[in-house]
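Chain A is the first sequence line, chain B the second, and so forth, proteins listed ahead of strands; every chain is numbered from 1.
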Amino acid sequence: MADESQNLEQNQHEKPMSFITMVVITGLFGGIFWSTLGYFAYVLNFTDIRPNIILEPWALGDWKNGWLGTVISIVAIGLFSVGAALLYYIMLRRINSLWAGVGYGIVLFFLVFFVLNPLFPGMEPFMKLSKHTLITSVCFYILYGVFVGYSISFEENEAKYRQKKNKEVPT
Amino acid sequence: MGTETKKKPIPKSLEEIERYYKERIGLGESFDLGVRKLKILRKNVHFYYVNGLCDTQFIIEIVEELIGINDREKLSTNLFQLVENRLAHQSVTKIEKLDESVDQVLSGLIVVFVEGETTGLVVDVRSYPGRQPEEPDTEKVIRGSRDGFVENIIVNTALTRRRIRDERLRFEMLKVGERSKTDVALAYLKDVANPDLIDVVRKEINSIEIDGITMADKTVEEFMVKQGYNPYPLVRYTERADVAATHILEGHVLVYVDTSPSVIITPTTYFHHLQHAEEFRQSPAVGTFVRWVRFLGVLASLILLPLWFLYVLEPEMLPQAISFIGPNEESNIPIVLQLFFADIGIEFLRLAAIHTPTPLSTAMGLIAAVLIGQIAVDVGLFVPEVILYVAVSAIGTYATPSYELSIANKLVRLILLILVALFHFPGFMIGTTIWILFLVHIKSLNSPYMWPFIPFEPTAFMQILIRRAVPGSKIRPSIVHARNRVKQPLKS
């Protein structure tokens, strides 16, 4: 019986995806998903800033303001978001709290809208941004931060839980 | 009631037992309680029963058998063994305590006492009043099995056992309620379900101290997940035996409560409430389509009204392309009041429909749809658009597969409306954000409520977005922490 149970599938504890892969996918999906929603928010006049703003520092053709530009911007934000997710993974993954994500989102918001603001000519200076734009952006950044942060912290927690379980079951 | 009486052994004298029954459970006072006294080989044999909970046919056969002893046997020395042998039933157990015998009699079993013996014989002749399994009203499908759960826990576990003949399927019986002594069963696969989860659920159920749980599973749920005033359903109910069996196979722990036709599925997330058996009865493509339409309906039931109302309040925000939206003429009543009147009006109808007999409710629906709406517009009470959007969001509410979730969403919609009325755009945006954060922070039995969206789990999220073909979904969802993650061999 003992030898038999070694070979059972339930004792293999195979992991479907490595942690880093999961972080990268979370970052990519998070960036694409929330910037798509951000685009809808722009269409609905909730914010003056559209995802295309990310292409502004580069001198590109006229297409960057068309639908192609929007799609490429959204994908580009997804790529930047992978970096943000990896950063969270490196720094904050052990904090198992929703608020870490909220804080991370707010920090990212200030980073983009305050520090990196001069990079984007299309973006008004921080103080001149409309109230709507600010509120929408903060909310989106908070939700994005929670999305990335909570996912990574949760996965870290799960990994710990799995390790504990594996130790408990003597193999 | 001290422990002394609880542990009282069965006395040898039948008169003493009868006296105990008269004092403790009112034999002779309650009409539904009875004792039948037989004389077998010059010794007394008594049995106690409750009217209506026992099957009389079985009892008649047993009595015939017992009396037959008089004709066929002579020696009365081993009468107890004779009686035990002659109890023509497969389920006979021995008990030693009087208190236990009372419990059994009140559950509908009969307890046979033989003069001079300190052991009672319990025969399971229960036959509870109940209905046949029929299709549950709340979870209809076009195709698929039509046997839903009923109010009898034995039938319910049997319906599940019929679908999972696995030797590792466990139904763990617990009793809840000091007075009601209701049966509660935990169902799980022993080698799959997470033992921690089983322990938590068992502990929560065992720690329930209450006189009775007449509202059955709902009461158990309130003790189990302690949701307070959070409107969101933290467990999923199902009345379908196939849905219950599917979740057991996925590694969930189910709670069956006697007297209720629905079972509790734990742990549950928001997205469990958005699934429906119908999706799995159609081809994957159709199932996916149905699911997306359903998501749209749920989304409409949540934010359509607040969004439209926002544009009414701040018309300058309206995008150029849809500038035709918004009331054209001045209305006599503030829009927010109209929205609330209309929404509460629909709520009136819903509540009325619950307890109106079917023939009347058809008439009621007509009055509601045709008359009230039209006349309200004619009189100048409502703007036509209010009726349109309230109706669409109401239909969205009905498209939510989980009744509990639809009402919780409705409450959130009303709160968002109030926020928009008070704070306009910031109310909408910040309100929605706080609502999402609130959902994310909820945990139901240690499982995050918005899983697999936040926290994100790519494979499980794909399963939510796309109704996968069954041969393709090989592993169990990670949220249940199944001990055995694989549903099908990975290589095939």
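- The aromatic rings of A:Y150 and A:F154 sit tilted, their planes meeting at an angle between 30° and 60°.
- You'll find the ring centres of A:F19 and A:Y89 inside the 6.0 Å limit.
- With a threshold of 4.5 angstrom between heavy atoms, B:P426 approaches chain A through its backbone and through its side chain.
- Nearest heavy atoms, B:R291 versus B:I464: NH1-O, 2.9 Å.
- Between B:T266 and B:V253, the closest heavy-atom pair is OG1-O, 2.8 Å.
- When the shell of 6.0 Å around NZ of B:K226 is examined, it contains more than 12 heavy atoms from other residues, nucleotides or ligands.
- Across every non-hydrogen atom of A:S35 and A:I74, the tightest pair is OG-CG2, 3.4 Å.
- Both the backbone and the side chain of B:I430 come within contact range of chain A, each with at least one heavy atom under 4.5 Å from a heavy atom of that chain.
- For CE of B:M462, the number of neighbouring non-hydrogen atoms (other residues, nucleotides, ligands) closer than 6.0 Å is 12 at most.
- For a residue to count as touching a neighbouring chain, one of its non-hydrogen atoms must lie under 4.5 Å from one of that chain's; by this rule B:L318 touches chain A with the backbone only.
- Interface remark: A:Y161 contributes side-chain atoms only to the contact with chain B (heavy atom separation under 4.5 Å).
- Under the rule for a ring-ring contact (aromatic ring centres under 6.0 Å, His included), A:F120 has no partner lying at least two apart in sequence or in another chain.
- Between B:I479 and B:P267, the shortest heavy-atom contact is O-CG, 4.4 Å.
- Among residues 136-148 of chain A, the residues having any heavy atom closer than 4.5 Å to a heavy atom of chain B are, in sequence order, A:T136, A:C139, A:F140, A:I142, A:L143, A:V146, A:F147.
- More than 12 heavy atoms of other residues, nucleotides or ligands lie within 6.0 Å of CZ in B:F438, so this atom counts as buried by the packing criterion.
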Next item on the list: Test side-chain hydrogen bond (donor to acceptor under 3.5 Å, both in side chains) on B:N409 and B:Y232 and set out the steps.
Entry: CA-CA 8 Å; B:N409 280 343; B:Y232 276 92; 2.7 Å; yes
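- Residues of residues 445-453 of chain B lying under 4.5 angstrom from chain A, judged on non-hydrogen atoms, are B:P448, B:W451, B:F453 by number.
- Listed by sequence position, B:F425 are the residues of residues 414-425 of chain B in contact with chain A, using a 4.5 angstrom heavy-atom cutoff.
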Next item on the list: Quick one: do A:V71 and A:W67 satisfy side chain to side chain contact (heavy atoms under 4.5 Å, CB included)? Show the steps, please.
Entry: CA-CA 6 Å; A:V71 172; A:W67 67 268; 4.0 Å; yes
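- Counting non-hydrogen atoms of neighbouring residues, nucleotides and ligands closer than 6.0 angstrom, the OH atom of B:Y389 exceeds 12 such neighbours.
- The parts of A:L44 that come within reach of chain B are both its backbone and its side chain, each placing non-hydrogen atoms under 4.5 angstrom from that chain.
- Heavy-atom distances place no part of B:Q320 under 4.5 Å from chain A, backbone and side chain included.
- Applying the ring-ring contact (aromatic ring centres under 6.0 Å, His included) test between B:F456 and each of A:W34, A:F29, A:F33 identifies A:F29 as the sole match.
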